[in-house]
Amino acid sequence: MENPPYLNGLNPEQLKAVLQTEGPVMIIAGAGSGKTRVLTYRIAHLIRQEIPAFNILALTFTNKAAKEMQQRIYTICGAEAKNLWMGTFHAVFAKILRFEADRLNYPSAFTIYDTDDSKSLIKTIIKELNLDADKVYKPSVIYSRISNCKNNLINPAAYIASPELMDYDFKAGRGKFYQIYQAYVDRCFKAGAMDFDDLLLNTDKLFRLHPDVLLKYQHKFKYIMVDEYQDTNVCQYSIIKRLAAAHENICVVGDDAQSIYSFRGATIKNILSFQKDYYDAKVFKLEQNYRSTKNIVLAAGHIIANNKEQLEKTVWTDNDSGEKISVVRAVTDNEEGRIVAQSIFEQKMQNQMANSDFAILYRTNSQSRSFEEALRKLSVPYRIYGGTSFYQRKEIKDMIAYLRLIVNPNDEEALKRIINYPSRKIGASTIDRLILIANQTNQSIFDVVCTATRHSILGKTSATVYGFGLMIQSFRTMLESHNAHDLAYHVAKQVGLLTTLHTDKTVEGISRYENLIELLNGIKEFVEDDTSELDKDLPTFLQDIALLTDADKKTDEDKDKVSLMTIHASKGLEFPSVFVVGLEENLFPSQMSLGSRQDLEEERRLFYVAITRAEKKLSLSFATSRFRFGSLLSCEPSRFIEEIDKKYIEMATFKGISPLIGLKKELPTNTTAQLISSLKRNMGGKTLSPKLSSSFIPEDLQELAIGDKVEHNRFGYGEVILIEGEGGQKRASINFDDFGAKVLVLSFAKLRIIK
DNA sequence: ACCTCAAACATTTTT
DNA sequence: TGTTTGAGGT
């Protein structure tokens, strides 16, 4: 590896300092400044200095980032790169915890509960405590509250010791939160299970309570590197601090302007106070953007300047000015989809670009639908990242539940899932009884299952339950002798999963069967993969996939496809042409974030992340109305659009937006009224039936008079019986043929007058 | 105990 | 709009 004379705008001396091997370093890296490259270089540099790779720990946030970086280092340094400890916080800590599980009285093959498992357990606990799970104690709310506590190192004991926290929940009507939290922690422990947050929390606990273990890992990890440091939470911070305490050879990389995970407990404080934690820290700023055009970089800087809480830095670029940022208004979400798809089609033709050069970024997963439809119509291949992952499909979770139970019989959630699937006539009441006995006698549910015949309340089903226990135990005896794939295949056949799914000849049934086969093939691949030094046993496999997300799943032949993903998922990526869509108030910024300045600033950082993904061409779009909860909702353009200096943007003209109607000639102007009326004329009748077309014009409704016959997009036909109020507050009482009398605010109502 | 259907409900972002 | 939950039937 030759040192480049010039890297990321650093002069040779600075570069030498960045690559230095001793002492704490913080690198503040603006968007597109090539921070991954710097991090990669630093690690490669260490290895080249004969520092053994197993002494280096590199922590990232996503599997993708870890894999990518490992790959790059491999090409520079060769096989030694395999010995690096590089991975996500969760993956690396899970590995450590597996080694040291006995120190915390966990089985080394502990289960990792995913979010569904956690919520399901919380729900059972809430029911057991006779609390209202529908309104007051919603499992998802309780879950995020617990997660929040854990991320801030607050265990149940610390919780009950804090009057403020107790008071907060009491005022929110969750007086029994502590009981749920405590029960949840107990149940997880009893089940030999850790949730995502436990992987961090327990690592912290391990190092805190066992100095000898800490010493061992301090000694091992002489060099520590942390990517995306701005997204670390209190718990991660604590672990890193402890690990780095011996050598202080710690290098963190981050960008406070791209901190978008505070909902997960991330706190910018960590990056802001790095220099206080390590008084001799060297700090570097990478401010040159190599990715985007001037227009994009400047506009982004302009937007982020609206935030108060940030480190001072100025991102700049040497690149061309490039095209202006185009802003597009659509009437509905479906039309937004069509405009974007059409625009991709055109850009491809004009500039000979590949599908993979494009990305559509949105705030929420549910927005993907209209873009999928539109792309499909134009036969543009696409790939959605995120959404329901392969591992969340029912048939996959069922199969995995069997494997989990075999590896860890105490796994309560796995047992509940499959004790009666395929059907064994063990119903809900029997399961409730089993849990009751388990709780009373302080055994695991599986213990009760294995002694089922001794419990007379179970009646005749006790024999069936007992038989189920025997079966699982027989599988367990195969753990030692069989590899993961052989065992899984045996189980799938024995239990009847394969035949059950195979006999179902519906379309979904066939796909379920195929998915199961795919999972089995995946396990086979895992077993036969000899590029990795890891064990090939079932526990390792389960631990692996528990931390996998959809984005990490086999990059099959997704060669040339348009990428669709949430902005969160797009972090760290770049595309020549990017569409940021759904820029509407209450959607982006999200409704939930309007409460506080901090939350709004995070949304703005999210927007900053979104637009800095673009290299050459950036398009923003919004719809004036959108389907939500099945009905049409009117929307206002996002405040973020207004925050961009006008000199960087242009309102797009709708050249050929509507292939469905074959509109070829360019529309003359782009004033709002004309756009709307021309769009109206050219609307394809897909979203709204032709009868109920989008003839919503406010001016018309101001002239609405008593006695007029009107048509509403949901309520059908009716007659105006009363008009009251003025201007925006003007309301009409309308007697609908099928829905009776309704009072509608005219400035919002989707009405048209029938002449 | 299981199936079917209708009503209610829900949408932030992820390891 | 799409999914999940509850009631009621078999």
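So you know, we letter chains A, B, ... as the sequences are listed, proteins then strands, and number each from 1. Heavy atoms only: backbone and side chains are in, while hydrogens, waters and symmetry mates are out.
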Using a cut-off of 4.0 Å on non-hydrogen atoms, how would the nucleic acid contact of A/K394 be classed: base, sugar-phosphate, or nothing? nothing

Can you say whether the rings of A/F207 and A/Y217 are parallel (under 30°), tilted (30 to 60°) or perpendicular (over 60°)? tilted

Hits for ring pair (Phe, Tyr, Trp, His ring centres under 6.0 Å) against A/H568, two or more places apart or cross-chain, chain-then-number order -> A/Y261, A/F263

Can you list every ring-ring contact (aromatic ring centres under 6.0 Å, His included) pair that touches residues 134-153 of chain A, not counting sequence neighbours? none

Tell me, please, which residues at least two apart from A/A31 pass side-chain contact (heavy atoms from CB on, under 4.5 Å). A/Q258, A/Y608, A/T612, A/R613

Among residues at least two apart in sequence or on other chains, which ones pass side-chain contact (heavy atoms from CB on, under 4.5 Å) with A/Q598? A/E309, A/S596

Which residues pass the ring pair (Phe, Tyr, Trp, His ring centres under 6.0 Å) test with A/Y113, sequence neighbours left out? none

Checking A/F189 now: which residues fulfil ring pair (Phe, Tyr, Trp, His ring centres under 6.0 Å) with it, not counting sequence neighbours? A/Y106

Categorize A/F61 for me: base, sugar-phosphate, or nothing, with a 4.0 angstrom heavy-atom threshold over every strand shown. sugar-phosphate

Contacts under 3.5 Å, N or O only, protein and nucleotides 9-13 of chain B:
from   : atom 1 : to     : atom 2 : distance (Å)
B/dT11 : O2     : A/S366 : OG     : 2.6
B/dT12 : O2     : A/R363 : NH1    : 2.9
B/dT12 : O2     : A/R363 : NH2    : 2.0
B/dT13 : OP1    : A/N365 : N      : 3.0
B/dT13 : OP1    : A/N365 : ND2    : 3.3
B/dT13 : O4'    : A/R363 : NH2    : 3.4
B/dT13 : O2     : A/R363 : NH2    : 2.7

Heavy atoms of chain A, cut-off under 4.0 Å: which first and last nucleotide of DNA chain C, 5' to 3', fall inside that, if you could look? C/dT1 to C/dT5

Mind checking ring pair (Phe, Tyr, Trp, His ring centres under 6.0 Å) for A/F588 and listing every partner two or more places apart, or none if nothing turns up? A/F607, A/F640

P spacing across the pair C/dG6 / B/dT11, given as an integer number of angstrom: 16 Å

